Amino acid sequence: MTSNKNSTSNLDYSLVLILMLLFLASCAAIYSAQQSGQYDRNFLVMQIAWYVVGSIIISVVMRFDSDQLRKLTWYAYGFGVVVLILLIIAPESIAPRINGSKNWFQLPGIGTIQPSEFMKIFLILALARVIDDHHQKNVIKTLQTDFWLLIKLGMVTMVPLGLIIKEDLGTGLVFLAILLGMIFISGITWKMLVPMFSAATLLIGTIFYFVLWKPDILEKYLGVKQYQFGRIYSWLDPYNYQSSAGYQLIKSMLAIGSGQTNGKGIGNREVYLPESQTDFIFSVVGEEYGFIGASVLISLFFLLIYHITKVGMETKNPFYTYICVGVISMITFHVFQNIGMTIGVLPITGIPLPFISYGGSALMGNMLAVGLIFSIRYHYKKYMFSTDS
(Lines give C-alpha, C1' and ligand atoms only; values in the text may rest on other atoms or scores of the structure.)
Protein backbone atom coordinates (compact mmCIF):
# COMPACT_ATOMS: atom_id res chain seq x y z
CA MET A 1 0.00 0.00 0.00
CA THR A 2 1.39 3.42 -0.95
CA SER A 3 0.38 6.96 -0.13
CA ASN A 4 1.74 10.44 -0.99
CA LYS A 5 0.13 12.66 1.62
CA ASN A 6 2.80 15.35 1.44
CA SER A 7 2.79 15.59 -2.34
CA THR A 8 0.72 17.93 -4.46
CA SER A 9 0.18 15.00 -6.82
CA ASN A 10 -2.66 13.94 -4.55
CA LEU A 11 -4.50 17.22 -4.99
CA ASP A 12 -7.71 16.78 -6.97
CA TYR A 13 -7.04 19.19 -9.84
CA SER A 14 -10.24 18.25 -11.66
CA LEU A 15 -12.26 19.38 -8.66
CA VAL A 16 -10.15 22.53 -8.41
CA LEU A 17 -11.01 23.35 -12.04
CA ILE A 18 -14.74 22.77 -11.47
CA LEU A 19 -14.70 25.06 -8.41
CA MET A 20 -12.83 27.75 -10.34
CA LEU A 21 -15.46 27.65 -13.09
CA LEU A 22 -18.26 27.85 -10.51
CA PHE A 23 -16.43 30.78 -8.90
CA LEU A 24 -16.30 32.64 -12.22
CA ALA A 25 -19.98 31.88 -12.86
CA SER A 26 -20.86 33.17 -9.39
CA CYS A 27 -18.89 36.38 -9.89
CA ALA A 28 -20.51 37.04 -13.27
CA ALA A 29 -24.02 36.39 -11.94
CA ILE A 30 -23.62 38.45 -8.75
CA TYR A 31 -22.04 41.33 -10.68
CA SER A 32 -25.13 41.40 -12.88
CA ALA A 33 -27.53 41.01 -9.96
CA GLN A 34 -26.14 43.93 -7.98
CA GLN A 35 -26.59 46.32 -10.91
CA SER A 36 -30.22 46.77 -9.85
CA GLY A 37 -28.98 49.17 -7.15
CA GLN A 38 -31.20 47.72 -4.43
CA TYR A 39 -28.33 47.82 -1.93
CA ASP A 40 -25.23 49.97 -1.37
CA ARG A 41 -23.03 46.95 -0.58
CA ASN A 42 -20.69 45.41 -3.13
CA PHE A 43 -21.81 41.78 -3.08
CA LEU A 44 -19.21 40.76 -5.65
CA VAL A 45 -16.27 41.80 -3.46
CA MET A 46 -17.86 40.13 -0.44
CA GLN A 47 -18.46 36.91 -2.41
CA ILE A 48 -14.81 36.86 -3.52
CA ALA A 49 -13.79 37.27 0.13
CA TRP A 50 -16.02 34.36 1.15
CA TYR A 51 -14.48 32.23 -1.59
CA VAL A 52 -11.04 33.02 -0.15
CA VAL A 53 -12.24 31.96 3.30
CA GLY A 54 -13.78 28.83 1.77
CA SER A 55 -10.46 27.98 0.10
CA ILE A 56 -8.75 28.19 3.47
CA ILE A 57 -11.40 25.87 4.91
CA ILE A 58 -10.70 23.36 2.13
CA SER A 59 -6.95 23.53 2.70
CA VAL A 60 -7.47 22.74 6.38
CA VAL A 61 -10.14 20.04 6.05
CA MET A 62 -8.26 18.12 3.35
CA ARG A 63 -5.43 17.49 5.81
CA PHE A 64 -7.67 15.28 7.97
CA ASP A 65 -7.60 11.61 7.06
CA SER A 66 -10.35 9.03 7.58
CA ASP A 67 -9.41 8.15 11.16
CA GLN A 68 -9.21 11.78 12.22
CA LEU A 69 -12.55 12.60 10.61
CA ARG A 70 -14.15 9.65 12.37
CA LYS A 71 -12.81 10.84 15.74
CA LEU A 72 -14.02 14.39 15.15
CA THR A 73 -17.47 13.40 13.89
CA TRP A 74 -19.40 13.31 17.15
CA TYR A 75 -17.63 16.40 18.50
CA ALA A 76 -18.66 18.31 15.37
CA TYR A 77 -22.21 16.93 15.51
CA GLY A 78 -22.56 17.77 19.21
CA PHE A 79 -21.15 21.25 18.66
CA GLY A 80 -23.63 21.86 15.86
CA VAL A 81 -26.58 20.76 17.98
CA VAL A 82 -25.48 22.96 20.91
CA VAL A 83 -25.16 25.98 18.61
CA LEU A 84 -28.66 25.37 17.21
CA ILE A 85 -30.01 25.25 20.77
CA LEU A 86 -28.20 28.50 21.59
CA LEU A 87 -29.75 30.04 18.48
CA ILE A 88 -33.22 29.26 19.82
CA ILE A 89 -32.65 30.69 23.30
CA ALA A 90 -30.43 33.63 22.30
CA PRO A 91 -31.94 37.14 22.55
CA GLU A 92 -32.80 38.88 19.31
CA SER A 93 -29.95 41.33 19.83
CA ILE A 94 -27.60 38.41 19.13
CA ALA A 95 -29.88 36.27 16.93
CA PRO A 96 -32.18 38.72 15.12
CA ARG A 97 -35.26 37.71 13.19
CA ILE A 98 -34.72 38.26 9.47
CA ASN A 99 -37.74 37.95 7.18
CA GLY A 100 -39.67 36.44 10.09
CA SER A 101 -37.15 33.67 10.83
CA LYS A 102 -34.56 33.35 13.60
CA ASN A 103 -31.83 31.45 11.74
CA TRP A 104 -28.77 33.68 12.05
CA PHE A 105 -26.28 34.91 14.64
CA GLN A 106 -25.23 38.53 14.30
CA LEU A 107 -21.44 38.70 14.70
CA PRO A 108 -19.78 42.14 15.02
CA GLY A 109 -17.47 42.91 12.11
CA ILE A 110 -18.46 39.74 10.23
CA GLY A 111 -22.19 39.91 9.67
CA THR A 112 -24.68 37.09 9.97
CA ILE A 113 -23.79 33.41 10.31
CA GLN A 114 -26.34 30.63 9.74
CA PRO A 115 -25.40 27.59 11.88
CA SER A 116 -27.71 25.19 10.03
CA GLU A 117 -25.54 25.47 6.91
CA PHE A 118 -22.66 23.86 8.80
CA MET A 119 -24.96 21.39 10.55
CA LYS A 120 -25.68 19.84 7.15
CA ILE A 121 -22.03 18.74 6.89
CA PHE A 122 -21.89 17.59 10.50
CA LEU A 123 -25.02 15.51 9.83
CA ILE A 124 -23.39 13.91 6.78
CA LEU A 125 -20.37 12.91 8.88
CA ALA A 126 -22.58 11.57 11.66
CA LEU A 127 -24.76 9.47 9.36
CA ALA A 128 -21.67 8.12 7.57
CA ARG A 129 -20.15 7.17 10.92
CA VAL A 130 -23.36 5.47 12.07
CA ILE A 131 -23.64 3.37 8.89
CA ASP A 132 -19.96 2.40 8.89
CA ASP A 133 -19.94 1.46 12.58
CA HIS A 134 -23.17 -0.49 12.21
CA HIS A 135 -21.84 -2.63 9.36
CA GLN A 136 -18.60 -3.30 11.20
CA LYS A 137 -20.52 -4.59 14.23
CA ASN A 138 -23.20 -6.46 12.24
CA VAL A 139 -21.49 -8.50 9.55
CA ILE A 140 -24.56 -10.69 9.10
CA LYS A 141 -27.57 -8.66 7.96
CA THR A 142 -31.08 -9.39 9.18
CA LEU A 143 -34.36 -7.50 9.22
CA GLN A 144 -33.68 -6.72 12.87
CA THR A 145 -30.24 -5.19 12.21
CA ASP A 146 -31.60 -3.21 9.26
CA PHE A 147 -34.45 -1.91 11.37
CA TRP A 148 -32.05 -0.87 14.11
CA LEU A 149 -29.85 0.95 11.59
CA LEU A 150 -32.89 2.78 10.26
CA ILE A 151 -33.83 3.84 13.79
CA LYS A 152 -30.32 5.12 14.48
CA LEU A 153 -30.21 7.12 11.23
CA GLY A 154 -33.62 8.60 12.00
CA MET A 155 -32.66 9.58 15.54
CA VAL A 156 -29.42 11.26 14.45
CA THR A 157 -31.32 13.28 11.84
CA MET A 158 -34.36 14.16 13.95
CA VAL A 159 -32.31 15.97 16.62
CA PRO A 160 -31.08 18.86 14.43
CA LEU A 161 -34.21 18.67 12.25
CA GLY A 162 -36.44 19.26 15.24
CA LEU A 163 -34.39 22.30 16.24
CA ILE A 164 -34.70 24.12 12.90
CA ILE A 165 -37.85 22.86 11.16
CA LYS A 166 -40.19 25.57 12.49
CA GLU A 167 -37.88 28.43 11.56
CA ASP A 168 -36.28 27.04 8.40
CA LEU A 169 -38.37 24.57 6.43
CA GLY A 170 -36.01 24.70 3.43
CA THR A 171 -32.98 23.53 5.44
CA GLY A 172 -35.17 20.90 7.08
CA LEU A 173 -35.94 19.49 3.64
CA VAL A 174 -32.19 19.38 2.92
CA PHE A 175 -31.67 17.33 6.09
CA LEU A 176 -34.33 14.89 4.92
CA ALA A 177 -32.77 14.70 1.45
CA ILE A 178 -29.40 13.83 3.02
CA LEU A 179 -31.08 11.19 5.20
CA LEU A 180 -32.87 9.72 2.17
CA GLY A 181 -29.66 9.43 0.16
CA MET A 182 -27.83 7.82 3.06
CA ILE A 183 -30.64 5.32 3.61
CA PHE A 184 -30.50 4.24 -0.04
CA ILE A 185 -26.77 3.54 0.17
CA SER A 186 -26.84 2.05 3.68
CA GLY A 187 -27.71 -1.47 2.48
CA ILE A 188 -31.09 -1.63 4.23
CA THR A 189 -33.27 -4.24 2.54
CA TRP A 190 -35.93 -3.10 0.08
CA LYS A 191 -38.44 -5.24 1.96
CA MET A 192 -38.30 -2.53 4.59
CA LEU A 193 -37.76 0.51 2.38
CA VAL A 194 -40.68 -0.03 -0.03
CA PRO A 195 -43.44 0.07 2.62
CA MET A 196 -41.64 2.87 4.44
CA PHE A 197 -41.46 5.12 1.38
CA SER A 198 -45.02 4.20 0.42
CA ALA A 199 -46.14 5.41 3.83
CA ALA A 200 -44.05 8.58 3.41
CA THR A 201 -45.70 9.25 0.03
CA LEU A 202 -49.12 8.85 1.61
CA LEU A 203 -48.09 11.21 4.41
CA ILE A 204 -46.92 13.86 1.94
CA GLY A 205 -50.21 13.56 0.05
CA THR A 206 -52.10 13.97 3.32
CA ILE A 207 -50.09 17.06 4.22
CA PHE A 208 -50.86 18.63 0.85
CA TYR A 209 -54.53 17.93 1.46
CA PHE A 210 -54.39 19.77 4.80
CA VAL A 211 -52.35 22.61 3.30
CA LEU A 212 -54.94 23.19 0.57
CA TRP A 213 -58.15 22.56 2.47
CA LYS A 214 -57.41 22.43 6.24
CA PRO A 215 -54.50 24.85 6.86
CA ASP A 216 -55.82 25.90 10.28
CA ILE A 217 -55.12 22.40 11.65
CA LEU A 218 -51.47 22.49 10.55
CA GLU A 219 -51.09 25.99 11.91
CA LYS A 220 -52.54 25.04 15.27
CA TYR A 221 -50.93 21.66 15.93
CA LEU A 222 -47.69 21.73 13.90
CA GLY A 223 -46.84 25.41 14.19
CA VAL A 224 -46.76 25.99 10.41
CA LYS A 225 -46.66 29.71 9.68
CA GLN A 226 -48.88 31.69 7.36
CA TYR A 227 -46.05 32.75 5.04
CA GLN A 228 -45.18 29.07 4.50
CA PHE A 229 -48.75 28.42 3.31
CA GLY A 230 -48.42 31.44 1.06
CA ARG A 231 -45.44 29.87 -0.68
CA ILE A 232 -47.54 26.82 -1.60
CA TYR A 233 -50.54 28.85 -2.74
CA SER A 234 -48.40 31.27 -4.75
CA TRP A 235 -46.61 28.33 -6.38
CA LEU A 236 -49.87 26.73 -7.52
CA ASP A 237 -51.44 30.00 -8.65
CA PRO A 238 -48.79 32.76 -8.71
CA TYR A 239 -50.83 35.25 -10.73
CA ASN A 240 -53.52 35.29 -8.06
CA TYR A 241 -50.85 36.35 -5.56
CA GLN A 242 -48.78 38.57 -7.83
CA SER A 243 -48.93 41.50 -5.43
CA SER A 244 -47.62 39.42 -2.51
CA ALA A 245 -46.19 35.90 -2.28
CA GLY A 246 -46.32 35.25 -6.02
CA TYR A 247 -44.45 38.40 -7.01
CA GLN A 248 -40.93 36.91 -7.07
CA LEU A 249 -42.00 33.77 -8.92
CA ILE A 250 -43.75 35.73 -11.67
CA LYS A 251 -40.76 38.07 -12.05
CA SER A 252 -38.39 35.11 -12.06
CA MET A 253 -40.23 33.26 -14.82
CA LEU A 254 -40.51 36.50 -16.80
CA ALA A 255 -36.77 37.12 -16.47
CA ILE A 256 -35.77 33.59 -17.50
CA GLY A 257 -38.24 33.51 -20.38
CA SER A 258 -37.18 36.90 -21.70
CA GLY A 259 -33.57 35.71 -21.91
CA GLN A 260 -34.58 33.27 -24.68
CA THR A 261 -31.65 31.40 -26.28
CA ASN A 262 -28.68 33.77 -26.15
CA GLY A 263 -29.70 36.10 -23.34
CA LYS A 264 -29.72 39.89 -23.25
CA GLY A 265 -26.04 40.24 -22.46
CA ILE A 266 -24.25 41.17 -19.26
CA GLY A 267 -25.63 44.31 -17.64
CA ASN A 268 -28.71 44.40 -19.87
CA ARG A 269 -31.29 43.22 -17.37
CA GLU A 270 -34.79 44.60 -17.76
CA VAL A 271 -36.76 42.61 -15.16
CA TYR A 272 -36.38 43.90 -11.60
CA LEU A 273 -36.23 41.05 -9.08
CA PRO A 274 -35.64 41.73 -5.35
CA GLU A 275 -32.90 39.70 -3.60
CA SER A 276 -31.81 38.33 -6.96
CA GLN A 277 -28.21 37.92 -5.74
CA THR A 278 -29.27 35.18 -3.30
CA ASP A 279 -32.01 32.61 -3.87
CA PHE A 280 -33.02 33.85 -7.35
CA ILE A 281 -29.56 34.12 -8.88
CA PHE A 282 -30.53 31.58 -11.55
CA SER A 283 -33.09 34.07 -12.86
CA VAL A 284 -30.27 36.53 -13.49
CA VAL A 285 -28.32 33.86 -15.39
CA GLY A 286 -31.37 32.96 -17.45
CA GLU A 287 -32.13 36.57 -18.40
CA GLU A 288 -28.63 37.81 -19.22
CA TYR A 289 -27.07 34.62 -20.57
CA GLY A 290 -30.14 32.86 -21.90
CA PHE A 291 -30.75 29.15 -22.37
CA ILE A 292 -27.14 28.60 -23.41
CA GLY A 293 -25.69 30.23 -20.29
CA ALA A 294 -28.15 28.44 -18.00
CA SER A 295 -27.31 25.12 -19.68
CA VAL A 296 -23.59 25.70 -19.19
CA LEU A 297 -24.15 26.39 -15.49
CA ILE A 298 -26.30 23.28 -15.05
CA SER A 299 -23.63 21.26 -16.87
CA LEU A 300 -21.06 22.45 -14.33
CA PHE A 301 -23.22 21.08 -11.55
CA PHE A 302 -23.56 17.76 -13.36
CA LEU A 303 -19.77 17.64 -13.71
CA LEU A 304 -19.40 18.32 -10.00
CA ILE A 305 -21.89 15.61 -9.03
CA TYR A 306 -20.35 13.17 -11.51
CA HIS A 307 -16.88 13.82 -10.13
CA ILE A 308 -17.94 13.28 -6.53
CA THR A 309 -19.73 10.09 -7.60
CA LYS A 310 -16.53 8.90 -9.25
CA VAL A 311 -14.53 9.64 -6.11
CA GLY A 312 -17.02 7.71 -3.99
CA MET A 313 -16.90 4.70 -6.30
CA GLU A 314 -13.10 4.62 -6.50
CA THR A 315 -12.35 4.83 -2.80
CA LYS A 316 -12.08 1.55 -0.90
CA ASN A 317 -13.00 3.18 2.42
CA PRO A 318 -16.76 2.73 3.13
CA PHE A 319 -16.76 5.75 5.46
CA TYR A 320 -15.54 7.94 2.59
CA THR A 321 -18.14 6.44 0.25
CA TYR A 322 -20.96 7.34 2.64
CA ILE A 323 -19.60 10.89 2.93
CA CYS A 324 -19.65 11.24 -0.86
CA VAL A 325 -23.26 10.06 -0.97
CA GLY A 326 -24.24 12.62 1.67
CA VAL A 327 -22.52 15.46 -0.18
CA ILE A 328 -24.09 14.40 -3.49
CA SER A 329 -27.55 14.26 -1.87
CA MET A 330 -27.12 17.73 -0.39
CA ILE A 331 -25.82 19.43 -3.55
CA THR A 332 -28.27 17.65 -5.87
CA PHE A 333 -31.27 18.63 -3.76
CA HIS A 334 -30.05 22.22 -3.54
CA VAL A 335 -29.59 22.51 -7.31
CA PHE A 336 -32.90 20.90 -8.31
CA GLN A 337 -34.90 22.73 -5.64
CA ASN A 338 -33.38 26.14 -6.34
CA ILE A 339 -33.64 25.96 -10.12
CA GLY A 340 -37.05 24.30 -9.87
CA MET A 341 -38.46 27.09 -7.71
CA THR A 342 -37.21 29.82 -10.07
CA ILE A 343 -39.09 28.31 -13.01
CA GLY A 344 -42.24 27.43 -11.07
CA VAL A 345 -41.78 23.66 -11.06
CA LEU A 346 -41.26 23.52 -7.26
CA PRO A 347 -42.48 25.76 -4.43
CA ILE A 348 -40.23 28.55 -3.15
CA THR A 349 -38.27 27.41 -0.09
CA GLY A 350 -35.44 29.92 0.22
CA ILE A 351 -32.70 27.41 -0.67
CA PRO A 352 -29.66 29.03 -2.36
CA LEU A 353 -27.94 27.76 -5.49
CA PRO A 354 -24.68 26.11 -4.32
CA PHE A 355 -21.46 28.02 -5.04
CA ILE A 356 -23.37 30.61 -7.10
CA SER A 357 -25.78 32.45 -4.78
CA TYR A 358 -24.36 35.17 -2.57
CA GLY A 359 -24.06 34.17 1.09
CA GLY A 360 -21.14 33.49 3.40
CA SER A 361 -22.66 30.73 5.51
CA ALA A 362 -23.98 28.74 2.55
CA LEU A 363 -20.73 29.08 0.61
CA MET A 364 -18.56 28.11 3.58
CA GLY A 365 -20.79 25.13 4.27
CA ASN A 366 -20.49 23.98 0.67
CA MET A 367 -16.73 24.51 0.68
CA LEU A 368 -16.53 22.48 3.90
CA ALA A 369 -18.39 19.67 2.13
CA VAL A 370 -16.09 19.86 -0.88
CA GLY A 371 -13.14 19.91 1.51
CA LEU A 372 -14.16 16.41 2.59
CA ILE A 373 -13.96 15.29 -1.05
CA PHE A 374 -10.53 16.86 -1.37
CA SER A 375 -9.53 14.95 1.76
CA ILE A 376 -10.54 11.66 0.17
CA ARG A 377 -8.36 12.34 -2.86
CA TYR A 378 -5.50 13.77 -0.81
CA HIS A 379 -5.30 10.66 1.36
CA TYR A 380 -6.02 8.26 -1.48
CA LYS A 381 -4.10 5.01 -1.06
CA LYS A 382 -3.18 2.64 -3.88
CA TYR A 383 -3.23 -1.02 -2.94
CA MET A 384 -0.50 -3.16 -4.48
CA PHE A 385 -2.70 -6.27 -4.59
CA SER A 386 -5.96 -4.73 -5.74
CA THR A 387 -8.75 -6.81 -7.25
CA ASP A 388 -9.26 -4.07 -9.85
CA SER A 389 -7.44 -4.53 -13.13
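Because the structure is a prediction, the values reported are computed rather than measured.
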Check for a donor-acceptor pair, side chain of [X] on one end and backbone N or O of [Y] on the other, with a separation under 3.5 Å.
| X | Y | value |
| --- | --- | --- |
| Asp146 | Thr189 | yes |
| Thr145 | Thr142 | yes |
| Thr112 | Trp104 | no |
| Ser198 | Val194 | yes |
| Ser252 | Leu249 | no |
| Ser357 | Pro352 | no |
| His334 | Ser329 | no |

Problem - Sub-6.0 Å ring centroid separation between Phe333 and Phe175 - result: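 Not close enough - the centres of the two rings lie 6.0 Å or further apart.
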Exercise for the section: Compute the centroid of each ring, for Phe122 and then for Tyr77, and state whether the two points are separated by less than 6.0 Å. Expected result: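 No.
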Below 4.5 Å, heavy atoms only, C-beta onward: do [X] and [Y] meet side chain to side chain?
| X | Y | result |
| --- | --- | --- |
| Gln34 | Asn42 | yes |
| Leu69 | Ser375 | yes |
| Leu297 | Tyr289 | no |
| Ile113 | Phe118 | yes |
| Phe105 | Val83 | yes |

In terms of hydrophobic clusters joined by side-chain contacts under 4.5 Å, are [X] and [Y] together?
| X | Y | answer |
| --- | --- | --- |
| Leu300 | Tyr306 | no |
| Trp74 | Tyr320 | yes |
| Leu202 | Met196 | no |
| Trp148 | Leu127 | yes |
| Val284 | Leu254 | no |

Exercise for the section: Over all heavy atoms of both residues, which pair between Ile356 and Leu22 is shortest? Give the atoms and the distance, please. Expected result: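 So the minimum-distance heavy-atom pair works out to CD1-O, 3.5 Å.
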Exercise for the section: Determine the minimum heavy-atom distance between Lys102 and Leu87, stating which atoms define it. Expected result: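 What the structure gives for the nearest pair is CE-O, 3.2 Å.
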Exercise for the section: Have a look at Ser26 and tell me which of Trp50, Tyr51, Tyr358, Tyr31 forms a side-chain contact (heavy atoms from CB on, under 4.5 Å) with it. Expected result: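 Testing Ser26 for a side-chain contact (heavy atoms from CB on, under 4.5 Å) against Trp50, Tyr51, Tyr358, Tyr31 leaves exactly one candidate, Tyr51.
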Handout entry: Parallel, tilted or perpendicular, as decided by the 30° and 60° cut-offs, for the rings of Trp213 and Tyr209
Key =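 Judged by the thresholds at 30° and 60°, the geometry between Tyr209 and Trp213 is tilted.
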Practice task
Could you check whether the rings of Phe197 and Phe184 sit parallel, tilted or perpendicular, using 30° and 60° as the cut-offs?
Solution key: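 The rings of Phe197 and Phe184 lie parallel, inter-plane angle below 30°.
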Practice task
Kindly write out the residues that satisfy ring pair (Phe, Tyr, Trp, His ring centres under 6.0 Å) with Tyr75, not counting sequence neighbours, or none if the list is empty.
Solution key: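 In terms of ring pair (Phe, Tyr, Trp, His ring centres under 6.0 Å), with neighbours along the sequence ignored, Tyr75 is linked to no residue.
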Using only heavy-atom distances, determine whether the side chains of [X] and [Y] contain a donor-acceptor pair under 3.5 Å.
| X | Y | value |
| --- | --- | --- |
| Ser258 | Glu270 | no |
| Gln337 | Thr349 | yes |
| Glu288 | Ser32 | yes |
| Ser66 | Asn317 | yes |
| Lys141 | His134 | no |

Is atom [atom1] of [X] surrounded by more than 12 heavy atoms (other residues, nucleotides or ligands) closer than 6.0 Å?
| X | atom1 | answer |
| --- | --- | --- |
| Met158 | CE | yes |
| Tyr247 | OH | yes |
| Gln144 | CD | no |

Using the test salt bridge (charged side-chain N to carboxylate O under 4.0 Å, His left out), find all partners of [X] that sit at least two apart in sequence or belong to another chain.
| X | result |
| --- | --- |
| Glu287 | Lys264, Arg269 |
| Arg129 | Asp133 |
| Asp132 | Arg70 |

Problem - Those residues that, when tested against Phe147, pass side chain to side chain contact (heavy atoms under 4.5 Å, CB included) (two or more places apart) - result: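 Only Ile151, Met192 meet the side chain to side chain contact (heavy atoms under 4.5 Å, CB included) criterion with Phe147.
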Under 3.5 Å, which donor-acceptor pairs do the side chains of residues 361-368 form with other protein atoms, sequence neighbours left out?
| from | atom 1 | to | atom 2 | distance (Å) |
| --- | --- | --- | --- | --- |
| Ser361 | OG | Gln114 | N | 2.7 |
| Asn366 | ND2 | Ala362 | O | 3.0 |

Practice task
Start with the C-alpha gap between Ile164 and Asn103, add the side-chain angles, then the distance that decides, and say whether side chain to side chain contact (heavy atoms under 4.5 Å, CB included) holds.
Solution key: CA-CA 8 Å; Ile164 61 98; Asn103 298 322; 5.8 Å; no
Exercise for the section: Show the numbers, then the answer: is there a side chain to side chain contact (heavy atoms under 4.5 Å, CB included) between Leu84 and Met119? Expected result: CA-CA 9 Å; Leu84 290 179; Met119 190 66 223; 3.8 Å; yes
